[in-house]
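Residue numbering restarts at 1 for every chain, and letters A, B, ... go by the order of the sequence lines. Here the structure is a predicted model, which is why all the values come from computation and not from measurement. Reckoned from all heavy atoms, side chains included, excluding hydrogens, waters and symmetry mates.
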2 protein chains.
Amino acid sequence: MTVRMTRQRAAVAEALDESPEFRSAQQLHETLRARGDAVGLATVYRTLQALVDGGEVDVLRTGEGESLYRRCVTRAHHHHLVCRSCGRTVEIDGPSVEAWASAMGAAHGFADIEHTVELWGTCADCRAAHGA
Amino acid sequence: MTVRMTRQRAAVAEALDESPEFRSAQQLHETLRARGDAVGLATVYRTLQALVDGGEVDVLRTGEGESLYRRCVTRAHHHHLVCRSCGRTVEIDGPSVEAWASAMGAAHGFADIEHTVELWGTCADCRAAHGA
DNA sequence: GGACTGGTGAGAACGGTTGTCAAGTCGCCG
DNA sequence: CGGCGACTTGACAACCGTTCTCACCAGTCC
Ligand SMILES: [Mn+2]
Ligand SMILES: [Mn+2]
Ligand SMILES: [Zn+2]
Ligand SMILES: [Zn+2]
């Protein structure tokens with residue numbers, strides 16, 4: 001039952017620490033391979049899942065159904081403002097939205113309310129780079 | 001280039017009209033098959049996609065990556081409060097959330113802000129049925 | 001070092017969705 | 001009414017991200 005520290009787990013954790021953007025399992029896998037620190041794809045997925053379960057990493061799903069992972073600064077519940085183009089992410093705390101969500105649920109007789117709230121946009125740098 | 005009315009397209013549209021819940025392409029396909037109004041699965045997907053493109057049907061993706069479809073009453077932008085258990089859906093209009101989302105984006109220099117906001121819960125009927 | 005046991009990875013399996021393409025049909029025209 | 005042609009259909013294969021399988025590997029403890 002003991003959790004072991006392995007080269008692979010350390011490598012995945014390190015790759016996550018190095019990128020402030022949300023990244024997919026496959027991107028992380030490729031990054032590690034390119035760096036000569038190869039880790040099996042299945043292991044990347046397993047490690048990410050464990051980190052998510054432990055609350056150390058956040059996941060979000062793109063509109064195309066791919067999962068993106070990121071080690072967030074805030075451990076508490078929060079949302080994200082993500083750049084569509086480069087993945088740059090701002091962690092957002094929205095007390096007003098939290099209140100709104102539970103009020104809406106209660107008003108319609110729903111219980112155990114959960115909410116997904118994500119914001120997507122184009123960051124200032126990407127606008128400067130791509131024109132427009 | 002003309003769009004034709006076919007038995008299949010009418011059947012999919014009718015199945016959507018009959019259910020106020022969000023339903024998956026496969027559920028709709030099965031419903032039609034059971035009713036003896038069989039339509040190929042690929043055609044169900046194609047028809048749903050066309051309806052979504054035309055703004056006649058709303059889609060949302062479950063946490064498991066499945067797309068759910070529903071003909072909403074409101075044509076204007078809105079969100080949903082969905083029962084995890086039976087799919088019952090309440091259309092929600094949240095002006096405060098809209099304002100919050102664009103304000104957040106602007107505050108961090110992001111443009112072309114889009115947002116996904118969905119609420120999940122257990123409706124009163126499902127709570128009564130399953131106890132708790 | 002040796003045993004115990006959790007971890008690894010190549011490849012198969014999965015599940016929802018989309019692509020392929022020969023066969024079928026709606027709509028129109030004569 | 002036929003007939004024609006472009007649009008549509010559907011069985012099945014291909015896709016794609018993710019998970020499962022299982023024989024082999026390697027931390028950990030003694
Ligand atoms: Mn929240
Ligand atoms: Mn909105
Ligand atoms: Zn950017
Ligand atoms: Zn319900």
Side-chain angles (χ1 to χ4, degrees), chain A residues 1-16 19 21-54 56-70 82 87 116 118, chain B residues 1-16 21-54 56-70 82 84 87 116 118:
Chain A
M1 216 55 195
T2 313
V3 174
R4 292 179 187 165
M5 182 47 55
T6 63
R7 172 186 71 76
Q8 290 87 341
R9 288 179 183 167
V12 171
E14 190 184 327
L16 276 171
S19 79
E21 301 93 32
F22 269 95
R23 308 202 54 205
S24 71
Q26 313 216 33
Q27 284 175 329
L28 292 166
H29 175 251
E30 173 54 25
T31 295
L32 294 173
R33 197 197 57 66
R35 160 199 301 186
D37 208 358
V39 173
L41 182 57
T43 298
V44 172
Y45 275 109
R46 277 188 295 243
T47 304
L48 288 172
Q49 194 51 60
L51 290 170
V52 169
D53 291 346
E56 293 187 50
V57 163
D58 279 13
V59 216
L60 66 82
R61 324 231 345 169
T62 67
E64 293 76 44
E66 192 175 26
S67 292
L68 303 180
Y69 303 84
R70 178 174 189 269
V82 184
T116 61
E118 302 293 346
Chain B
M1 216 58 192
T2 316
V3 173
R4 291 181 188 165
M5 182 48 55
T6 62
R7 173 186 70 77
Q8 291 87 342
R9 305 229 248 240
V12 171
E14 190 185 328
L16 275 170
E21 302 92 32
F22 269 96
R23 309 202 54 205
S24 71
Q26 314 218 32
Q27 285 176 329
L28 291 166
H29 174 253
E30 173 55 24
T31 294
L32 294 173
R33 197 196 58 67
R35 158 199 305 186
D37 207 358
V39 173
L41 181 57
T43 298
V44 173
Y45 275 109
R46 278 187 296 243
T47 303
L48 288 171
Q49 193 51 60
L51 290 171
V52 169
D53 291 346
E56 292 187 51
V57 163
D58 280 12
V59 216
L60 66 81
R61 318 222 2 157
T62 66
E64 293 77 44
E66 192 174 25
S67 293
L68 302 180
Y69 304 84
R70 178 174 190 269
V82 185
R84 246 186 301 274
T116 62
E118 301 294 345

- Task: Let me know the distance between CD of B/E64 and P of C/dC14, rounded to the nearest Å.
- Result: 19 Å
- Item | Nucleotide D/dT8, atom P - distance to CG of B/L51 in whole Å | 13 Å
- Message: I want to check one thing: is the phosphate of D/dG17, taken as OP1 and OP2, less than 4.0 Å away from some side-chain N or O of A/Q26?
- Response: yes
- Message: Please report the distance, rounded to the nearest Å, between CD in B/Q27 and P in C/dT17.
- Response: 11 Å
- Task: Quickly work out the A/L48 CG to C/dG9 P distance and round it to whole Å.
- Result: 13 Å
- Item | Heavy-atom side-chain proximity of B/D37 to B/R7 below 4.5 angstrom | yes
- Taking CE from B/M5 and C1' from C/dC28, how many angstroms apart are they, rounded to a whole number? 17 Å
- Non-neighbouring partners of B/R23 that pass salt bridge (charged side-chain N to carboxylate O under 4.0 Å, His left out), sequence neighbours left out: none
- Message: Whether B/S24 contacts C/dG16 is assessed here as follows: a side-chain N or O lying under 4.0 Å from the phosphate OP1 or OP2. Is that the case?
- Response: no
- Message: Check the phosphate of C/dG7 against A/Q8, side-chain N and O only, distance under 4.0 Å to OP1 or OP2. Yes or no?
- Response: no
- Task: Would you indicate which nucleotide in D/dT8, C/dG16, D/dT18 comes nearest to any side-chain atom of A/S67?
- Result: D/dT18
- Heavy atoms, side chains only, cut-off 4.5 Å: are B/Q27 and B/E66 in contact? no
- Note on the structure: Per atom distances to the B/R7 side chain, the nearest of D/dT18, C/dT8, D/dG10 is D/dG10
- Task: Would you kindly compare B/Q49 and B/R4 by the position of their nearest DNA chain C nucleotide and give the one closer to the 5′ end?
- Result: B/Q49
- Message: Under 4.0 Å, heavy atom to any atom of DNA chain C: which of residues 28-46 of chain B qualify?
- Response: B/A42, B/Y45, B/R46
- Calculate the interatomic distance between B/R61 atom CZ and C/dG15 atom P; express it in whole Å. 17 Å
- Message: Just to verify, which of B/L60, B/D58, B/V52 counts as forming a side-chain contact (heavy atoms from CB on, under 4.5 Å) with B/Y69?
- Response: B/V52
- Between A/L32 and A/A15 the two heavy atoms that sit nearest each other are CD2-CB, 3.9 Å
- Message: Could you report the tightest heavy-atom contact between A/R4 and A/R9, atom names first, then the distance?
- Response: O-NH1, 2.9 Å
- Item | Between C/dG16 (C1') and B/F22 (CZ): distance, integer Å | 18 Å
- Looking at C/dT17, C/dT8, D/dG10, which one has an atom nearest to any side-chain atom of A/R9? C/dT8
- Query: Would a 4.5 Å heavy-atom cut-off, applied to side chains only, mark A/L48 and A/L16 as touching?
  - Reply: yes
